[in-house]
Amino acid sequence: MRTWKTVMIVSLVMVFFVLAVSSSETSSNATDNNKNQGNKGNQRVTPGIEVLMNDHLDWVEGKQVGLVTNMTGVSTELKSSIDLLYDHPDVELTALYGPEHGIRGDREAGEYVESYVDEETGLPVYSLYGPTWVPTEEMLEDVDVLLYDIQDIGSNVYTYIYTLGFVMEAAAAHDKEVIVLDRPNPIGGSRVEGPVRSEDTVSFMGRFLLPVRHGMTVGELAVMWNHEYSMGVNLKVAEMDGWKRDMHFEDTELPWVLTSPNIPTKETAYLYAGTELVDDTSLSTGLGTTKPFELLGAPWIQGETLAAEMNNREIDGVKFRSAYFTPMFSKYEGELVGGVQVHIDDPAEIDLVELGLNLVDAMRDQNPEEFEMTPSYANLIGDPEVPDMIMDDVPVDEIIASWEDELDTWVDEVRNQYLMYPPYDSGAQPYQPDGVLGILPLDLTASVGQEVDLTVKGYDQHGEALDIDPSEIEWTVSNDIGYVEDGVFHGENEGTGTVTAVYGDFEASREVEVSATYVENIRYGIHPGYTRIVLDLNKTINNHEITEEEGNLRVEIPYGEIAGDLDEEGGTIEIANSPAISSVDYAEEDDMFVAVLNLEQDNIEYETPDFSSRIVIDVMH
């Protein structure tokens with residue numbers, strides 16, 4: 001009897017043990033499954049700032065460090081990159097630089113951002129949005145190396161990546177190092193969509209031409225630009241640990257920080273590159289609501305009809321719900337707007353350009369009489385032919401097909417050469433640092449008979465400066481527009497071509513235009529803090545001089561000629577209501593164009609922001 005009871009007790013204990021183990025395994029598996037659903041089974045991503053602090057502090061050892069950042073520059077524990085660097089005993093942080101929206105992200109899109117002193121650190125904070133896009137020599141005088149740590153969102157009209165490009169331009173011109181602290185592309189790194197931006201549709205982005213959705217990280221963009229534009233920057237990338245191209249931001253397990261006032265959530269970021277294509281029309285992108293770029297419409301749109309039409313189009317990865325909203329600011333402020341809200345089913349499946357163009361197409365079709373498009377829409381999408389195609393009701397698939405060949409070529413021959421993270425496109429290989437050669441100036445133009453000094457510099461794959469013997473550089477110039485001798489370009493015939501420098505195994509090239517320099521107009525604008533004078537030119541130049549004399553600023557453009565809307569005999573432009581400038585006199589003198597800005601007072605301050613095909617002077621009030 002006792003034996004039977006003992007057997008029974010042992011059996012019951014074993015049953016409970018098995019049940020307990022089974023329950024524990026089930027709970028563990030459930031936890032693992034839930035975790036995998038959140039990041040598709042990937043490890044947590046480590047951003048570039050932490051990789052730098054953990055593995056590469058020797059890159060900044062003994063150097064004065066400048067940091068280009070904003071509120072998105074944080075660690076996985078949400079500690080600011082500013083604090084991480086400033087508090088570290090082995091890092092000498094000397095200056096901060098802020099992009100559009102400011103270093104704290106509290107400025108609206110396009111709003112002027114001033115320079116100031118940071119209250120927490122006492123460091124100077126220089127604005128790289130407003131009068132000055134490219135850091136000046138004065139801004140960089142206490143800096144040896146520039147770190148860049150800003151979260152991008154994968155669109156070619158989001159300005160932060162161009163701030164990176166302009167920082168690289170300044171680094172090339174003033175012999176500064178650049179280290180990019182890489183971060184995820186929140187909409188993934190696999191899909192590339194939209195037309196490659198035409199040079200005819202450039203505004204803020206300068207020389208850096210990309211498709212609407214570029215499918216790259218900021219580190220990859222920097223490496224690509226350094227090589228493709230022969231910038232010759234001493235560049236390093238603190239690569240992320242654990243990031244893969246098929247990840248969206250939710251898969252990284254990193255904390256989301258709003259990247260700008262109108263990109264508050266990662267869902268907004270997932271849609272922006274597509275729904276932003278609704279902008280520059282008579283349609284609303286939802287600015288002024290709590291769901292910008294998710295709510296789209298216009299006062300003359302029937303939401304139910306639009307939702308049914310968009311759902312019938314069966315766009316992968318999204319669904320549409322009828323929505324009515326009243327913007328608190330921006331377009332249609334205070335008006336009831338009908339439209340849709342875009343709901344995301346699977347961000348990896350969305351063709352964002354297809355989404356944006358279908359929204360425009362469907363809303364135009366619903367009320368063609370009310371639909372309008374601004375002249376700047378070509379700058380938004382990057383293709384001067386697309387606006388007419390939209391207005392002519394060309395089917396969306398035909399519009400997309402119109403740029404596919406060029407896009408495929410760019411992807412295969414350019415983008416895929418600079419990818420740092422797997423999985424790689426078919427035929428693509430991981431980028432391997434191999435050094436870089438650059439030619440200065442970055443913008444090379446000349447008139448017939450003009451001479452331009454050229455500088456060649458470069459770095460090997462270890463970041464060591466090349467010891468270049470100028471006499472060993474092999475120069476060629478295409479299209480018979482001129483020649484290079486002893487490092488000087490001589491313009492001989494009008495036209496465009498390419499200057500190429502070969503030094504050992506390294507090669508660099510620079511596009512060059514030989515033509516007369518025409519000053520086609522002089523414009524001005526009076527802003528709260530400054531008066532802006534703009535000289536419109538037929539091309540970008542860098543050989544002009546601005547000198548301050550008693551009572552005026554004198555602008556001299558060698559080989560410059562009067563053209564366009566200006567009086568060929570010269571003249572005066574009166575400037576009303578400016579506390580800084582009373583008038584601008586202009587004339588041709590001794591083979592040069594001269595403009596004199598007559599000042600209202602002495603000892604003024606002025607800035608000269610860089611723009612393509614313009615000379616811009618901002619005289620402070």
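None of the values given here were measured: they were computed from a predicted structure.
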Measure the shortest side-chain to side-chain distance between [X] and [Y] over non-hydrogen atoms and say whether it is less than 4.5 angstrom.
{"X": "Val223", "Y": "Met420", "answer": "yes"}
{"X": "Tyr332", "Y": "Pro299", "answer": "yes"}
{"X": "Ile399", "Y": "Asp361", "answer": "no"}
{"X": "Leu296", "Y": "Met310", "answer": "no"}
{"X": "Tyr229", "Y": "Leu442", "answer": "no"}
{"X": "Tyr377", "Y": "Met391", "answer": "no"}
{"X": "Phe320", "Y": "Leu359", "answer": "yes"}
{"X": "Tyr148", "Y": "Tyr160", "answer": "yes"}

Got a donor-acceptor contact below 3.5 angstrom from the [X] side chain to the [Y] backbone?
{"X": "Arg245", "Y": "Leu419", "answer": "no"}
{"X": "Ser230", "Y": "Ser509", "answer": "yes"}
{"X": "Glu193", "Y": "Glu354", "answer": "no"}
{"X": "Asn226", "Y": "Ala222", "answer": "no"}
{"X": "Ser155", "Y": "Ala273", "answer": "no"}
{"X": "Glu220", "Y": "Thr217", "answer": "yes"}
{"X": "Arg415", "Y": "His214", "answer": "yes"}
{"X": "Asp182", "Y": "Gly219", "answer": "yes"}
{"X": "Ser376", "Y": "Asn379", "answer": "no"}
{"X": "Lys291", "Y": "Gln341", "answer": "no"}

Could you grab the distance from atom [atom1] of [X] to atom [atom2] of [Y], nearest 0.5 Å is fine?
{"X": "Ile533", "Y": "Ile522", "atom1": "CD1", "atom2": "CD1", "answer": "8.5 Å"}
{"X": "Leu352", "Y": "Leu271", "atom1": "CG", "atom2": "CG", "answer": "7.0 Å"}
{"X": "His248", "Y": "Asp346", "atom1": "NE2", "atom2": "CG", "answer": "7.5 Å"}
{"X": "Asp280", "Y": "Thr374", "atom1": "CG", "atom2": "OG1", "answer": "3.5 Å"}
{"X": "Leu96", "Y": "Ser127", "atom1": "CG", "atom2": "OG", "answer": "12.5 Å"}

Please report the closest heavy-atom contact between [X] and [Y], naming both atoms and the distance.
{"X": "Val360", "Y": "Val278", "answer": "CG2-CA, 3.8 Å"}
{"X": "Leu254", "Y": "Pro184", "answer": "CD1-CG, 3.8 Å"}
{"X": "Pro99", "Y": "Ile150", "answer": "CG-CD1, 3.7 Å"}
{"X": "Trp256", "Y": "Ala269", "answer": "CH2-CB, 3.6 Å"}
{"X": "Asp279", "Y": "Leu380", "answer": "O-CD2, 3.5 Å"}
{"X": "Thr290", "Y": "Pro292", "answer": "C-CD, 3.3 Å"}

Would you mind telling me which of [options] makes a side chain to side chain contact (heavy atoms under 4.5 Å, CB included) with [X]?
{"X": "Pro211", "options": "Asp383, Val192, Asn156", "result": "Val192"}
{"X": "Leu283", "options": "Lys331, Glu370, Met363", "result": "Met363"}
{"X": "Asp536", "options": "Leu566, Val519, Val616, Asn521", "result": "Asn521"}

Ion pair [X]/[Y], N-O distance below 4.0 Å:
{"X": "Asp152", "Y": "Arg183", "answer": "no"}
{"X": "Glu511", "Y": "Arg207", "answer": "no"}
{"X": "Asp393", "Y": "Arg364", "answer": "yes"}

**Study point:** Steps toward side chain to side chain contact (heavy atoms under 4.5 Å, CB included) verdict (Thr76, Thr46)
**Key:** CA-CA 7 Å; Thr76 54; Thr46 303; 5.8 Å; no

Check your understanding: Quick one: ring-ring contact (aromatic ring centres under 6.0 Å, His included) partners of Trp410, sequence neighbours excluded?
Key -> none

Point to revise | Within the 6.0 Å centroid threshold, strictly below: Phe611 and Trp133 | key: yes

Review point. Taking only residues two or more places apart in sequence or in another chain, which ones pass side-chain contact (heavy atoms from CB on, under 4.5 Å) with Gln429?
Key: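 For Gln429 there are no side-chain contact (heavy atoms from CB on, under 4.5 Å) partners, ignoring immediate neighbours.
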
Exercise for review: For side chain to side chain contact (heavy atoms under 4.5 Å, CB included), just list the numbers for Tyr421 and Met247, CA-CA rounded to whole Å, side-chain angles, deciding distance to a tenth of an Å, and then say yes or no.
Suggested key: CA-CA 11 Å; Tyr421 305 93; Met247 284 182 171; over 6 Å; no

Practice item. Test side chain to side chain contact (heavy atoms under 4.5 Å, CB included) on Leu357 and Ile390 and set out the steps. Key: CA-CA 9 Å; Leu357 291 179; Ile390 291 174; 4.1 Å; yes

Practice item. Mind running side-chain hydrogen bond (donor to acceptor under 3.5 Å, both in side chains) on Asp443 and Thr540 for me, showing each step along the way? Key: CA-CA 7 Å; Asp443 294 304; Thr540 300; 5.2 Å; no

**Study point:** Test ring pair (Phe, Tyr, Trp, His ring centres under 6.0 Å) applied to Trp225 and Phe208, Phe166, Tyr418, the passing residue
**Key:** Phe208

Check your understanding: Taking His343 as the fixed residue, which of Lys319, Glu267, Arg321 is the one that meets the side chain to side chain donor-acceptor pair (under 3.5 Å) rule?
Key -> Arg321

Check your understanding: Taking atom CD of Glu385 as the centre, does the number of heavy atoms from other residues, nucleotides or ligands within less than 6.0 Å exceed 12?
Key ->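 Counting other residues, nucleotides and ligands, CD of Glu385 stays at 12 neighbours or fewer.
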
Point to revise | From CA spacing to verdict: side-chain hydrogen bond (donor to acceptor under 3.5 Å, both in side chains), Thr72, Asn70 | key: CA-CA 5 Å; Thr72 67; Asn70 64 4; 2.6 Å; yes

